[in-house]
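Everything on this sheet refers to the single structure shown next.
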Protein chains: 2
Amino acid sequence: MARKPQDAPMQQSLKALLGLRALVLQGGVEPGKRLSEIALSERLNVSRTPLRAALQRLEQEHLVELIPSGGYAVRRFTHQEAVDSIELRGTLEGVAARFAAERGVVPARLKAAWSIVHALDETLDSNPDSFDFSRYEQLNEDFHETLADLSGSDVIRREIARVTSLPFASPSAFTNTHVNVPGFLKTLTIAQSQHRAIISAIEMREGARAEALAREHARLARQTLDFVMEEKPDLRTRVPALTLLAV
Amino acid sequence: MARKPQDAPMQQSLKALLGLRALVLQGGVEPGKRLSEIALSERLNVSRTPLRAALQRLEQEHLVELIPSGGYAVRRFTHQEAVDSIELRGTLEGVAARFAAERGVVPARLKAAWSIVHALDETLDSNPDSFDFSRYEQLNEDFHETLADLSGSDVIRREIARVTSLPFASPSAFTNTHVNVPGFLKTLTIAQSQHRAIISAIEMREGARAEALAREHARLARQTLDFVMEEKPDLRTRVPALTLLAV
DNA sequence: ATTAAACATATTGTATACAATTTGTCAATC
DNA sequence: GATTGACAAATTGTATACAATATGTTTAAT
């Protein structure tokens with residue numbers, strides 16, 4: 001679900017924004033070190049002006065921060081900040097679920113949500129050896145985007161989008177952990193049961209339950225984060241969401 | 001509580017940001033109309049470069065929006081967006097209160113919070129005719145800022161700051177309504193009882209209660225918003241928070 | 001009279017030049 | 001040898017020039 005219009009003005013600005021964000025997320029630049037504007041503009045083939053616009057925007061996303069002496073640096077996040085960001089996402093998705101339940105959603109959109117849930121079921125019902133990871137990840141992202149939409153509130157939708165722009169707060173942050181951790185598929189099964197329960201609660205107009213479920217669903221991500229950080233610290237370099245986390 | 005360092009880079013940028021924000025909030029420019037960069041830069045005595053930085057920042061605050069054909073315009077908000085923003089603030093302050101209760105706060109900070117509550121008591125105990133409105137407003141802002149601090153989470157603190165930058169979502173959005181609406185002091189009394197209850201719940205480590213109270217506290221603002229919009233639409237021009245709201 | 005097209009004007013988006021700070025280096029002094 | 005000072009290089013923050021695009025007006029055609 002790419003968004004071309006509105007989100008970014010023109011060609012060069014967009015190029016700078018996407019390029020810089022990708023560079024930061026892929027760990028292409030050292031956290032803490034000052035980002036040289038001239039070096040970056042040459043690397044991304046844009047002028048300093050659109051580059052600075054991109055830097056300012058990434059500052060709002062908390063991916064880079066202002067340095068007291070001037071300029072920007074890639075942020076390094078603490079474990080606690082990651083935990084709080086996940087809790088924040090859960091809170092916002094909880095509000096989205098409650099709004100959807102309380103205010104109601106048209107049948108067509110509910111049906112669309114169910115179809116995503118059923119598609120997720122299929123990926124998990126298949127032979128574990130032939131589990132289609134990338135399809136699960138895409139469907140999971142679709143589910144969370146749909147949940148934000150079901151809220152019917154642009155305010156909530158926008159805030160969720162902002163918070164999930166942080167890699168470790170994204171709903172798909174740890175879905176690919178299963179590639180490295182045997183038995184992680186179980187976690188996905190639990191997550192899927194929560195997906196189902198959330199949509200079910202929305203359908204039955206059970207606002208409080210929908211909210212509590214969405215919150216708990218996010219805490220599954222926290223659980224995985226804690227596990228990886230404590231038990232498998234070597235994975236930090238292989239799970240993209242964790243490259244920005246300090247030891 | 002002005003924040004000079006870190007928040008904005010240099011002199012001209014800061015001047016442009018503060019000047020433009022004030023201009024928009026005071027209704028100095030017509031919502032919907034395109035903001036002319038040259039006109040604004042002359043009006044604020046800054047160059048186009050820092051002005052555009054300010055525009056981009058206000059876009060993140062949702063105060064202005066990109067126009068498809070290019071440039072920015074002052075946003076006009078719907079009643080529903082205001083309602084959702086208030087609910088969002090309540091949700092975030094709820095998380096802050098719960099974090100404070102669950103994770104605990106050092107006695108000194110709790111004591112400081114209580115002293116604000118007691119100071120608020122004093123303003124309300126005084127003779128209604130000599131009610132010191134501006135002092136109440138300042139203390140109320142202090143309370144909400146302290147609540148965000150008590151969370152102990154920079155993530156939450158930052159998000160609250162962002163959301164409350166919208167005038168109608170600010171904790172003090174409607175405190176001056178009492179000047180125009182007789183009997184509104186009663187609402188402030190109710191609000192104050194909630195202030196007390198929130199800090200009390202935090203002190204007793206009652207996380208769920210603290211969260212519920214903070215949410216309900218924000219809904220008092222929604223109540224006032226609805227009242228003003230439905231019963232006293234003429235106040236729209238006199239309550240600063242409402243100048244950006246569409247009829 | 002109304003619509004459409006072509007042109008002129010104005011405004012944004014981008015690139016770059018300039019000035020003020022900051023950062024790094026080297027030498028002199030304690 | 002370490003530390004402080006001055007100086008040089010580099011980098012940011014700001015201003016402005018330029019190009020591409022949008023807007024408004026006039027003119028021509030139906």
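Letters A, B, ... mirror the listed sequences (proteins, then strands); counts begin at 1. Heavy-atom basis, side chains included; hydrogens, waters and symmetry copies ignored.
- Between B:Q12 and D:dA15, a side-chain N or O to OP1/OP2 separation shorter than 4.0 Å is present.
- Under the side chain to side chain contact (heavy atoms under 4.5 Å, CB included) criterion, B:S36 pairs with B:I38, B:A39, sequence neighbours left out.
- Rounded to whole Å, atom P of D:dT23 lies 11 Å from atom NZ of B:K33.
- One can place CZ of B:R48 at 14 Å from P of C:dA15, the figure rounded to the nearest angstrom.
- With C:dA15, C:dG13, D:dG13 as the candidates, the nucleotide lying closest to the side chain of A:P50 is C:dA15.
- A sub-4.0 Å separation between OP1 or OP2 of C:dT14 and a side-chain N or O of A:S13 is present.
- Under the 30°/60° scheme for interplanar angles, the aromatic rings of B:H217 and B:H144 are found to lie parallel.
- Along DNA chain C, the nucleotide nearest A:G70 and the nucleotide nearest B:G70 are compared for position; the residue whose nucleotide lies closer to the 5' end is B:G70.
- The CG-P distance, from B:L66 to D:dA22, rounds to 14 Å in whole Å.
- Using a 4.0 Å cut-off on heavy atoms, the residues of residues 36-44 of chain A that approach DNA chain D are A:S36, A:E37, A:I38, listed by number.
- If you measure from atom CD of A:E59 to atom P of D:dG13, you get 11 Å, rounded to the nearest angstrom.
- Among the protein residues, B:L35 comes within range of the sugar-phosphate backbone only, with heavy atoms under 4.0 Å from sugar or phosphate atoms but none that close to a base.
- By the salt bridge (Lys or Arg N to Asp or Glu O under 4.0 Å) test, B:E102 pairs with B:R98, sequence neighbours left out.
- Look at CG on A:L51: it is 17 Å from P on C:dG13, rounded to the nearest Å.
- Other residues, nucleotides and ligands contribute over 12 non-hydrogen atoms within 6.0 Å of the CD atom of B:Q80.
- Whole-Å rounding puts the A:R52 CZ to D:dG13 P distance at 5 Å.
- Sorted by first then second residue, the salt bridge (Lys or Arg N to Asp or Glu O under 4.0 Å) pairs that include residues 69-78 of chain A, not counting sequence neighbours, are A:R75-A:E81.
- In this model, no side-chain donor or acceptor of B:S69 finds a partner on the base of D:dA22 within 3.5 Å.
- When the salt bridge (Lys or Arg N to Asp or Glu O under 4.0 Å) test is applied to A:E93, the partners found at least two apart in sequence or on another chain are A:R89.
- Considering only residues two or more places apart in sequence or on other chains, A:Q223 meets the side chain to side chain contact (heavy atoms under 4.5 Å, CB included) condition with A:L220.
- Between the C1' atom of D:dA19 and the CD atom of A:Q11 lies a distance of 14 Å, rounded to the nearest Å.
- The residue among B:R34 and B:N45 whose nearest nucleotide of DNA chain D is located toward the 5' end is B:N45.
- Between A:S47 and the phosphate of C:dT14, there is no side-chain N or O to OP1/OP2 separation shorter than 4.0 Å.
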